[in-house]
Amino acid sequence: MEKDDFVQYRQLAQEVRRLRSKLKELEASIYSPSGQKYSLTPRASSGQGRTMDDVVASHDALEKFYLEKLTEKNIQCLAIEQAIESLRITGERLVMRYRYIDGLSWQKVCQAMQARGFSERQVYRMHGWALEKLKSA
């Protein structure tokens, strides 16, 4: 696994949240349809001519699409998290988790690791070692 794979974790997690939100919106639109609007003013027909079966089919297709995308993104996130968890050295695992999963800046990563007794230099070294191990794995 390359560094770019870890860097994209935050974007993947954001996409997962967006897809979950879309699924909730879709579900809400199914269970709480908008009411019919009446007006005394004559209007031309909308031309949509959609039956309830058409609406349900389009909702189902959209839901299926969102679920497939959500599954794909979750699998990618899981692969990244499992790769990090596969590191045997706790310090390397923590650096990778702080930086890529939690999205901390290098300054905050170093502060968190210094609280555990590591120097800034050790933090950067552990990060490099972890990337090398994960690249060859």
Q. For the side chain of Ser21 and the backbone of Arg17, is there at least one donor-acceptor N/O pair under 3.5 Å apart?
A. no
Exceeds 12 heavy-atom contacts within 6.0 angstrom, atom [atom1] of [X]:
{"X": "Glu25", "atom1": "CD", "result": "yes"}
{"X": "Glu85", "atom1": "CD", "result": "yes"}
{"X": "Glu72", "atom1": "CD", "result": "yes"}
{"X": "Lys133", "atom1": "NZ", "result": "yes"}

4.5 Å side-chain heavy-atom contact, [X] and [Y]:
{"X": "Glu81", "Y": "Tyr9", "answer": "yes"}
{"X": "Asp5", "Y": "Gln76", "answer": "no"}
{"X": "His59", "Y": "Glu63", "answer": "no"}
{"X": "Glu27", "Y": "Lys24", "answer": "no"}
{"X": "Glu132", "Y": "Trp129", "answer": "no"}
{"X": "Leu134", "Y": "Phe6", "answer": "yes"}
{"X": "Arg88", "Y": "Arg93", "answer": "no"}
{"X": "Leu12", "Y": "Ile80", "answer": "yes"}

Exercise: identify the closest heavy-atom pair between [X] and [Y]:
{"X": "Leu19", "Y": "Lys73", "result": "CD1-CG, 4.2 Å"}
{"X": "Cys77", "Y": "Ala13", "result": "SG-N, 4.0 Å"}
{"X": "Leu104", "Y": "Arg99", "result": "O-NH1, 2.8 Å"}
{"X": "Met126", "Y": "Glu92", "result": "O-CG, 3.7 Å"}
{"X": "Glu120", "Y": "Cys110", "result": "CG-SG, 3.5 Å"}
{"X": "Ala83", "Y": "Met1", "result": "CB-SD, 3.7 Å"}

Q: State plainly whether one hydrophobic cluster holds both Tyr98 and Trp106, where clusters connect Ile, Leu, Val, Met, Phe, Trp and Tyr through side-chain heavy atoms under 4.5 angstrom apart.
A: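 Same cluster: Tyr98 reaches Trp106 through Ile, Leu, Val, Met, Phe, Trp or Tyr contacts under 4.5 Å.
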Just how far is it from atom [atom1] of [X] to atom [atom2] of [Y], taken to the nearest 0.5 Å?
{"X": "Arg116", "Y": "Thr90", "atom1": "CZ", "atom2": "OG1", "value": "8.5 Å"}
{"X": "Lys69", "Y": "Leu23", "atom1": "NZ", "atom2": "CG", "value": "13.5 Å"}
{"X": "Leu94", "Y": "Ile101", "atom1": "CG", "atom2": "CD1", "value": "12.0 Å"}
{"X": "Thr71", "Y": "Leu78", "atom1": "OG1", "atom2": "CG", "value": "12.0 Å"}
{"X": "Arg18", "Y": "Leu70", "atom1": "CZ", "atom2": "CG", "value": "10.5 Å"}

Q: State yes or no: are the ring centers of His127 and Tyr100 separated by less than 6.0 Å?
A: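 Centroid separation for His127 and Tyr100: below 6.0 Å.
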Q. For Arg20 and Val16, what are the C-alpha separation, side-chain angles and deciding distance, and is it a side-chain contact (heavy atoms from CB on, under 4.5 Å)?
A. CA-CA 6 Å; Arg20 285 184 181 151; Val16 165; 3.6 Å; yes
Q) Is there a side-chain contact (heavy atoms from CB on, under 4.5 Å) between Val7 and Glu2 once you walk through the steps? A) CA-CA 9 Å; Val7 170; Glu2 301 287 327; over 6 Å; no
